[in-house]
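First up is the structure itself, then whatever we jot down about it.
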Amino acid sequence: MNAPVPVESPVADTYQDYFINMGPQHPSTHGVLRLVVKLAGETVLGVSPHMGYVHRGIEKMGEAQTAMQFTHLTSRLDYLSAHMNNWAWAMVVEQALGVQVPERAEYLRVIMSELTRISSHQLWWGVFGMDLGAFTPFLYAFRDREKVNDIFEKTCGTRLTMNYIVPGGVMEDADADFEKDTRAFLEYFKPLIEEYEQLLSGNIIVQERTKGVAVLPPELAKSYGVTGPTLRASGVDYDVRKNHPYGVYPRLSFQTALATEGDSWARYKVRLEEMRQSIKIISQALDQMPKSGPVRAKLPAVLRIPPGRYLSRVETARGELAIFLVGDGKPLPYRVKIRSPNFSNLSAFPAIIKGWRVADIVTAMSTFDLVIPDIDR
Amino acid sequence: MSTPTPDQTPAPPPGLPPELEALRDKLAAVLGTDAVWELKGKLPAFRLPAKAIVSACKTLRQAGFDYLLFVTAVDYPSENRFEIVYVAGQYNGPDQIALVTDIPRDNPAVESVSQVWDTAEWHEREIFDLFGIRFENHRDLRRILLDDTWEGYPLRKDYVDKVHNVVKRPY
Amino acid sequence: MAVEAAPLKQSMNNYDTNELVSVLTAKLQASLPEPWLVDAAKIVLAAIALAGFASVLAMILVYVERKVAGHFQQRLGPMRVGPHGIFQPIADSLKLLAKEEITPRDADRLIYNLAPLLTFVASFVCMGFIPFAPNLQAVRFNVGLLFVLGISSMGVLGILAAGWSSNNKWSLLGAMRAGAQIISYELSAALALLVGVIFAGSLDFHEIVKSQEAGWWIWRAPVVGLVTFIIYTIASTAECNRTPFDIVEGESELTAGFHTEYSSMKFAMFFLAEFLNVFIVSAISATVFLGGWMPLHIGNWEAANRIFDMIPAWIWFFGKVSALVFVVMWFRWTFPRLRVDQLMRFEWKFLMPASFATLAVAAILAASQTYFFAPERPAAPPVAPAPTKPPILANK
């Protein structure tokens with residue numbers, strides 16, 4: 001039913017091709033991204049992304065911030081997975097300094113990260129509905145997301161850029177209501193995923209618009225360095241939490257959400273499944289977490305990064321985030337390189353969208369789930 | 001080193017941990033004598049001359065490293081060199097390795113590895129944009145994050161921000 | 001122009017509007033010397049009344065849409081301007097009036113200014129044909145339905161003109177989609193209405209309503225009535241460019257489609273025309289399938305019919321139209337939108353063959369008079385014999 005128009009076909013030839021700008025300001029580019037689209041009628045002949053509108057020079061700033069200060073900048077990369085970005089930075093600094101993180105802090109890190117993953121996927125689901133034209137799921141998703149934001153606010157003090165996971169552990173111990181609130185949220189949210197399925201997955205219009213659209217073949221995905229749910233929907237079983245486990249993930253049992261078709265529908269289902277798995281992880285972590293204990297390792301006042309190269313890899317909601325740190329013995333890092341998942345995911349996009357239609361650009365970009373500040377850093 | 005505090009891991013035993021040793025031996029056999037093992041910090045690396053980088057990457061890819069995490073550059077102005085770092089991993093294996101090469105700081109150029117991994121295409125554009133290193137045989141080498149009319153390469157250590165860097169457009 | 005209503009079988013109560021119109025006509029006849037002046041005065045009064053009604057209606061619909069949207073989305077909608085936000089549309093209108101009119105530099109001036117007018121006029125003219133009550137119909141035309149279908153098609157000209165003259169590729173995309181979509185779905189809409197005409201035996205709105213004295217066509221014609229009603233609902237939602245067929249102004253893709261470059265009053269005209277369109281298609285649907293102002297009569301169950309007659313006709317009409325407008329709004333806040341090729345495929349490969357099929361079945365039903373309850377077809381009005389013309393005298 002859904003098939004791309006072959007771009008050398010007579011249909012495409014009868015139209016004169018023209019360029020259109022899905023400009024930096026557009027309701028559906030999920031941020032300031034400029035897509036120059038070459039069209040023949042309504043058929044896409046090519047897409048060229050132009051990015052850099054949110055380039056803040058975070059890597060350059062990293063050379064002027066101490067290790068503790070840089071945490072604040074990492075929150076602002078992919079702000080929907082703020083905890084996981086903080087964790088990546090904390091991990092690389094701990095690797096450099098040889099710091100052992102207390103057990104309770106490790107569990108808190110996992111719980112916070114998985115809550116962030118759920119919250120990020122909720123937002124993605126709402127925005128996905130909105131991009132397709134169904135305006136209501138957006139508000140349902142945000143209503144449910146508020147509960148996660150409330151949990152974050154009680155413990156971390158903020159709702160979006162948390163700066164809670166710091167080198168050495170976590171900033172402070174969890175709030176007294178933390179476990180109760182989190183369990184209540186899990187109870188509340190688990191049946192809601194089924195409601196989300198009924199609202200959008202069961203809708204035939206959604207299925208018609210996403211099944212078979214913008215297929216990402218696994219070999220192409222691997223060649224472009226795609227990671228995250230976008231890759232797992234093409235059948236490649238790669239999840240940093242399983243392939244390069246960190247923290248206490250080896251002690252928690254969960255399944256990787258996989259699909260084989262690689263179309264927009266598969267990417268949609270994979271993310272919904274990931275939300276279910278995150279719920280499992282959080283409840284296991286809450287059960288296993290030590291009830292009390294230190295949450296922060298004692299670190300010297302001035303953190304000097306020993307000379308050498310260090311690499312940390314975490315699985316954010318969108319893929320693999322890797323932070324590469326080069327130290328030279330001083331308190332300020334010599335070089336910080338942030339390998340952002342969205343950068344590589346977007347690089348695969350122009351190759352798979354040829355022959356589809358304008359409306360499919362919006363759908364496919366929505367299922368790629370890009371956050372532009374992560375691309376631009 | 002003084003005795004480690006309770007929150008720091010104990011000093012590692014001398015010599016390489018067994019998995020790193022296995023990795024070193026396996027890759028040294030594959031990459032040949034050009035590649036020199038280097039473990040500064042915690043990330044294992046092989047240092048190669050710049051001319052040999054593309055063939056080394058091809059060999060690595062065939063050895064199962066089908067995932068290029070990133071390509072990046074580090075600026076050492078005091079030693080008048082750029083150090084280009086390629087970090088490769090595996091989609092279905094636990095290994096990760098860095099390939100490191102030096103290029104001179106004046107007129108920096110190196111061959112592109114985008115023929116080996118498509119990931120490198122955009123990463124190398126970013127290095128060109130922020131460091132000014134040219135990549136030969138690259139499909140489409142132009143600035144990616146900064147404006148096309150930007151002058152200068154910000155991530156270099158000696159970059160000075162000129163005040164009027166935003167060029168006025170005719171419209 | 002407005003003819004005195006033929007007396008109906010059941011009596012109407014004190015709230016009906018026949019009194020109002022006859023009293024007004026009598027007063028005009030008493031005060032104006034010539035009969036054509038009376039007609040002219042009636043035309044002007046009807047136009048003013050309709051214009052006022054259209055404006056008030058648009059304001060009410062804007063408010064209802066926002067409240068309905070809010071409640072579907074688990075929030076409250078406007079609450080601040082007045083109790084429960086009922087003065088919000090006034091604030092919206094004042095805002096729209098006070099906005100700056102920005103015209104793109106390279107826009108085609110004449111067409112740019114003409115486009116909103118075309119769309120608005122196409123919708124507004126149709127308002128005159130809708131029977132609000134037995135005597136409240138501005139124009140009683142014996143081919144009223146056909147005329148309305150024709151005039152409402154002019155709306156697409158306005159959309160195409162707007163998209164082209166805006167000098168904006170996105171607007172052009174929206175306009176092209178509109179052209180294809182509206183013209184396609186008109187076929188199904190017209191065929192569905194044709195089914196109603198077959199049952200009623202006339203293209204005149206008044207006659208169509210009167211033919212439903214024994215029951216509304218949606219349930220009186222077995223199965224076909226309901227199926228045709230559904231087909232017409234789908235086709236008319238597409239005609240109004242409402243979700244799930246709102247690719248024309250697909251907010252997530254084209255920002256605002258053909259009316260991106262319009263601001264202030266011109267945008268208000270498009271906005272007004274869209275809401276009027278929703279009202280008109282709901283009104284036509286209510287008239288043809290749900291009986292218009294005809295109360296719910298169940299065959300010849302006299303007692304029940306008398307009870308239903310106690311509710312005035314115009315309340316019946318507005319109740320039905322409100323329910324249908326609510327359903328159209330419900331669609332908007334529930335469904336995602338179809339892609340343009342899926343939309344066209346749906347119409348040409350599915351909806352139109354379906355409407356042809358219902359037309360065939362309806363023809364069979366009508367010919368064999370297979371309805372629930374005794375058929376109450378009004379006798380065809382006697383055809384006056386053509387006046388004999390005097391023979392043309394040959395020039396001698």
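Letters go in sequence order (proteins before strands), and every chain restarts at 1.
Looking at C:D92 and C:R66, a side-chain N of the basic residue comes within less than 4.0 Å of a carboxylate O on the acidic one, giving a salt bridge. Contact check on C:D341 versus A:R357 returns a salt bridge, with a Lys/Arg side-chain nitrogen under 4.0 Å from an Asp/Glu carboxylate oxygen. A salt bridge between A:D369 and A:R271 is present, with a side-chain N of the basic residue lying under 4.0 Å from a carboxylate O of the acidic one.
Ring orientation note: the planes of A:W124 and A:F128 are close to parallel, at an angle under 30° on the 30°/60° scale. The aromatic rings of C:F271 and C:F275 stand perpendicular to each other, their planes meeting at an angle above 60°, with 30° marking the opposite boundary.
With a threshold of 4.5 angstrom between heavy atoms, A:F138 does not approach chain C through any atom at all.
Of residues 190-202 of chain A, no residue lies under 4.5 Å from chain C by any heavy-atom pair.
C:T334 and A:A134 make their closest contact through O-CB, 3.9 Å (heavy atoms, listed as atom of the first residue, atom of the second, distance). Taking each heavy atom of C:G85 and C:P89 in turn, the nearest pair found is O-CD, 4.2 Å.
Top candidate by heavy-atom pairs under 4.5 Å with chain C, chosen from A:N203, A:V206, A:I361, is A:N203.
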